[in-house]
Amino acid sequence: MTTSTICAVATPPGRGGVGVIRVSGPEAGRLAEAMAGPVPPPRQAVYRRFCGVDGETLDEGLLLWFPGPGSFTGEDVMELQGHGGPVVMDRLLQRLLDLGAELAAPGEFSQRAFVNGRMDLTRAEAVADLIEAGSEAAARAAVRSLQGEFARAVAELVEQLTRLRVHLESSIDFVDEPLEGLALSDVGQQIEAIGAAVEQTRQAAGRGQQLQEGLTVVIAGPPNAGKSSLLNALAGRDAAIVTAQAGTTRDVLDAHLHLDGLPLRVLDTAGLRRGGDVVEQEGMRRARAAMADADRILLVTEAGAADPSADGAVALPAGVAVTRVVNKIDLTGDAAGVQGEQVAVSALTGAGLPALRRHLREVLGVSDGEAAFIARRRHLDALAAAAECIDEALAGARNGLGEELIAESLRQAQGRLGEITGAVSTEDLLGRIFSTFCIGK
């Protein structure tokens with residue numbers, strides 16, 4: 001139970017037609033009366049003057065009252081909707097602070113909603129993700145998480161683990177009265193089915209995390225292969241300088257674009273070759289570092305040229321997927337299109353670029369439909385940890401280990417899943433999550 005009353009401007013900074021100040025806590029009603037007169041009926045907007053010391057009018061607008069526990073935070077909530085000038089908002093906010101309110105920390109309203117049981121962590125995070133959505137697909141996925149789809153998927157996994165743990169732990173408590181269906185082979189089959197369900201949820205969460213964070217694609221290759229021209233063609237603008245002189249790009253250029261709703265961070269890098277001056281050497285070092293951290297590399301070569309990866313100067317990092325892009329087919333007359341992991345294009349004429357975009361969408365894992373819900377890296381980490389625990393339980397069942405060890409692995413898996421929704425949480429975890437929210441939410 002919180003004892004402080006917090007306040008914050010809930011609309012973006014700057015000038016606008018309307019500005020909103022949100023107040024939450026046990027003193028919200030007193031603050032409303034001090035500034036705008038009697039508290040109105042719940043969830044009804046009333047027109048009021050917003051007063052300062054000695055009845056001075058600071059602004060005028062709408063007053064709304066949301067009594068707890070039926071509010072966003074689960075506490076008494078009051079909103080002042082006035083004119084959206086920064087000076088006006090500052091004066092109203094200062095008046096609330098003078099009356100005893102405290103300035104809200106980033107995400108504190110949503111954190112109170114979580115603490116008061118108004119939403120689980122996935123829904124709280126979906127609020128921030130919806131605000132930050134960079135595409136329609138991301139916004140739709142965030143809305144689905146806000147409506148509880150991710151939480152329901154996790155709850156179903158937890159329910160399956162709970163049912164199996166009940167059987168296992170009952171057999172431990174009543175060793176003289178073995179229960180039906182507790183043969184280790186049956187247990188193994190149930191654990192395997194749960195593992196498959198966790199993996200399915202991991203894949204769905206992976207697509208949601210791609211929408212939330214985007215993917216990094218690095219354009220690499222030898223000098224003068226048309227890497228910067230390809231970046232410009234994909235971005236639809238002159239993001240990089242293009243000249244006939246080899247080695248124009250000396251640093252890593254960063255462009256953000258959307259691929260059919262999927263946010264991409266595309267990096268253009270310095271041409272890789274042997275030799276070069278000090279500046280070019282540093283550019284190539286940065287290029288190789290970017291390649292090592294990429295989700296995928298577009299290895300660009302000029303049509304008719306030899307394979308650049310055969311040369312030690314264009315060594316590809318292990319573990320990073322590569323698409324080979326044969327550029328400048330307008331000079332050779334080669335056909336545009338995709339052959340396996342190779343795409344023939346002309347960045348100059350645009351030939352083959354639609355095929356390259358389709359190829360990227362497929363290999364980046366989003367060709368099988370829109371994400372069911374938004375997700376974050378911590379969700380994927382928790383699902384991966386749960387999967388490891390389930391694998392341990394499955395190995396135990398197959399190797400004839402005791403029910404105690406199997407049940408303990410399943411308990412740990414359930415705890416990892418609980419971290420996603422907040423059923424299992426720590427103050428440090430909550431602090432990291434809500435500190436990323438905007439103030440006023």
Side-chain angles (χ1 to χ4, degrees), residues 134 209-210 212-259 262-328 331 340-348 352-353 356-357 359-360 363-365 377 380-381:
Q209 187 260 347
Q210 289 174 355
Q212 201 267 344
E213 296 183 4
L215 294 168
T216 300
V217 175
V218 170
I219 302 175
N224 212 32
K227 301 183 297 299
S228 296
S229 296
L230 181 62
L231 172 65
N232 291 343
L234 290 173
R237 58 186 174 87
D238 290 335
I241 297 174
V242 176
T243 70
Q245 179 180 341
T248 302
T249 302
R250 296 294 188 97
D251 205 345
V252 177
L253 299 180
D254 196 333
H256 293 264
L257 55 96
H258 282 83
L259 183 69
L262 174 67
L264 286 184
R265 182 187 180 208
V266 183
L267 305 180
D268 180 27
T269 59
L272 300 174
R273 67 181 182 93
R274 295 188 182 279
D277 58 26
V278 175
V279 176
E280 192 173 358
Q281 288 287 340
E282 175 60 19
M284 289 188 285
R285 185 195 67 79
R286 296 186 183 190
R288 295 187 180 99
M291 292 165 64
D293 292 335
D295 293 299
R296 195 167 192 91
I297 296 171
L298 298 184
L299 182 61
V300 182
T301 61
E302 192 172 347
D307 182 358
S309 59
D311 186 344
V314 191
L316 298 172
V320 181
V322 177
T323 293
R324 297 177 181 270
V325 180
V326 178
N327 193 20
K328 302 186 181 181
L331 301 179
E341 296 293 303
Q342 180 170 299
V343 186
V345 305
S346 170
L348 179 64
L353 290 180
L356 176 59
R357 291 189 176 94
H359 168 78
L360 285 175
V363 298
L364 292 174
R377 172 56 56 184
L380 295 181
D381 292 342

Just jot down the side-chain hydrogen bond (donor to acceptor under 3.5 Å, both in side chains) partners of Glu341, sequence neighbours excluded, or say none.
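Partners of Glu341 under the side-chain hydrogen bond (donor to acceptor under 3.5 Å, both in side chains) test: Arg296.
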Does Arg265 have any side-chain hydrogen bond (donor to acceptor under 3.5 Å, both in side chains) partners at least two apart in sequence or in another chain, and if so, which?
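Scan of Arg265 (side-chain hydrogen bond (donor to acceptor under 3.5 Å, both in side chains), adjacent residues dropped) gives Asp254.
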Please give me the minimum heavy-atom distance between [X] and [Y], naming the atom from each residue.
X: Leu272; Y: Met291; answer: CD1-SD, 3.8 Å
X: Ala290; Y: Leu267; answer: CB-CD1, 4.1 Å
X: Arg288; Y: Arg273; answer: NH2-O, 4.5 Å
X: Ala347; Y: Ala233; answer: O-CB, 4.0 Å
X: Asp268; Y: Ser228; answer: OD2-OG, 2.6 Å

Judged by atom type as modelled, is there a donor-acceptor pair below 3.5 Å linking the side chain of Asn327 to the main-chain atoms of Val300?
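Not confirmed, Asn327 side chain does not pair with Val300 backbone.
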Polar side-chain atom of Asp295 near backbone of Thr216 as donor-acceptor pair, under 3.5 Å:
yes
Please report the C-alpha distance between Val218 and Val320 in whole Å, then the side-chain angles of each, then the deciding distance to 0.1 Å, and finally whether the side chain to side chain contact (heavy atoms under 4.5 Å, CB included) criterion is met.
CA-CA 10 Å; Val218 170; Val320 181; over 6 Å; no
Considering residues at least two apart in sequence or located in another chain, which fulfil the side-chain contact (heavy atoms from CB on, under 4.5 Å) criterion with Ala303?
Val326, Ile329, Thr332, Asp334
For Leu360 and Leu298, run side chain to side chain contact (heavy atoms under 4.5 Å, CB included): C-alpha distance rounded to whole Å, both residues' side-chain angles, the deciding distance at 0.1 Å, then the answer.
CA-CA 10 Å; Leu360 285 175; Leu298 298 184; 3.8 Å; yes
One pair to check against side chain to side chain contact (heavy atoms under 4.5 Å, CB included): Leu348 and Leu331. What are the steps and the verdict?
CA-CA 10 Å; Leu348 179 64; Leu331 301 179; over 6 Å; no
Distance in Å, [X] [atom1] paired with [Y] [atom2], rounded so as to fall on 0.5 Å steps:
X: Lys227; Y: Leu253; atom1: NZ; atom2: CG; answer: 10.5 Å
X: His359; Y: Leu353; atom1: NE2; atom2: CG; answer: 13.0 Å
X: Lys328; Y: Thr301; atom1: NZ; atom2: OG1; answer: 10.5 Å

pair Val217-Thr323: side-chain heavy atoms closer than 4.5 Å
no
